[in-house]
Amino acid sequence: MPSEFDLIERHFSRPARHALLGVGDDAALLRPTAGMELAVSTDMLLEGRHFAQGAEPRALGHKVLAVNLSDLAAMGATPRWATLALALPHASEDWSAAFADGFYALAERFDVDLIGGDTTRGPLTICVAILGEVPAGLALLRGGARPGDDIWVSGELGGAAYALHDAGNAPAASRLHLPEPRVELGNRLRGIAHAAIDVSDGFAQDLGHILERSGVGALVHYALLPKFPCEDAQLQQRCVLAGGDDYELVFTAPQPARREIEALSVPLHLALTRVGSILPGAAKLQLLDAQGKSMAAGRGFDHFA
Ligand code: ADP
Ligand code: MG
């Protein structure tokens, strides 16, 4: 049985390119870029809660980093460093190797260094903290939406939730297990968008966070929402409005920015869809169907529900 130190050395010690000191000492040493603010976020995945027992370790390595990258994307920050805290039921070389492959493959694509962490025995739990940089004053906050703003959504909604209903749907499974964090979009929206959030708990709930923080309402046309294809319209509606785990960005931007935002779609190979607008008044989401009638938005994911 390998020791904790064997696992770290063999699987989690690839050289850091953008750190003064990476894995191996009591702490890592970083030198933030002058003029930048640090954006810091943490996300935890637990077996039995966020993923099923026996989940494929390579995909888990991807996903735990992807959900963290997505938080920085929603801040308009550029990810740079990550730490990884792992509780493993037993010291498995195979599991660690596959997990590390998935993690590092995504880390390398986004030029993120794994600079430290902690490894212990326990029920399978994976916790990543991520650090990124954003030019001072330009972070995209939840609280910046203003009446008259357009509401935009990237990609398609509902695919990850749909995967739980049809395990044989490969595109849906890939949305659930291998989400693509919209980092480049978040970066390009700096100075353009007024507010942004990533869709982790469902469109209605996550847009709701923007509304509450910004003290504004919203009008959204259900027909305009970009939807993952599904033949059952009711199921589709639940997946699109209240399904979590899509990791698309929902953002608001002033109307004069429409052209500029539409133009981002091409280089990013990503659909950007205008779905409604921000209203003055209470933090309430008004959702209209194709006939202009009010629809219930449903509830998003709540870990304590
Ligand atoms: P300490 O006893 O000081 O907490 P550890 O023995 O836990 O140190 O860790 C040794 C080194 O390995 C540290 O630099 C730590 O950041 C790093 N490390 C531990 N676990 C991981 C991991 N899963 N991924 C990356 N780095 C890790
Ligand atoms: Mg430790």
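Counting starts at 1 for both ligands and their atoms, in listed order. The structure presented is a predicted model; accordingly, all values stated were derived computationally and were not measured.
- Close approach to Thr119 involves these atoms of ligand 1, each under 4.0 Å from a residue heavy atom: 19 (C), 20 (N), 21 (C), 22 (C), 23 (N).
- Of all atoms in ligand 1, listed by their number and element, those nearer than 4.0 Å to a heavy atom of Asp118 are 7 (O), 19 (C), 20 (N), 21 (C), 23 (N).
- Between Arg188 and Glu184, at least one side-chain N (NZ, or NE/NH1/NH2) sits under 4.0 Å from a carboxylate O, which counts as a salt bridge.
- Close approach to Asp25 involves these atoms of ligand 1, each under 4.0 Å from a residue heavy atom: 13 (C), 14 (O).
- Between Asp198 and Arg182 no salt bridge is recorded (no basic side-chain N to carboxylate O distance below 4.0 Å).
- Distances from atom 17 (C) of ligand 1 to the heavy atoms of Leu7, Leu88, Val23 put Val23 nearest.
- Checking Ile197, Val240, Asp246, Val153 one by one against Phe203, the side chain to side chain contact (heavy atoms under 4.5 Å, CB included) holds for a single residue, Val153.
- Looking at Ile8 against ligand 1, only its side chain comes within 4.0 Å, counting heavy atoms.
- Of the candidates Leu114, Val128, Asp26, Asp26 brings a heavy atom nearest to atom 3 (O) of ligand 1.
- Classification of Asp245 and Lys63 as a salt-bridged pair holds, one side-chain N sitting under 4.0 Å from a carboxylate O.
- For Thr252 and Arg146, the side-chain atoms include no donor-acceptor pair closer than 3.5 Å.
- Judged purely by distance below 3.5 Å, without hydrogens or angles, the side chains of Glu133 and Thr78 never pair a donor atom with an acceptor atom.
- Those atoms of ligand 1 that come under 4.0 Å of a heavy atom in Phe5, given as number and element, are 6 (O).
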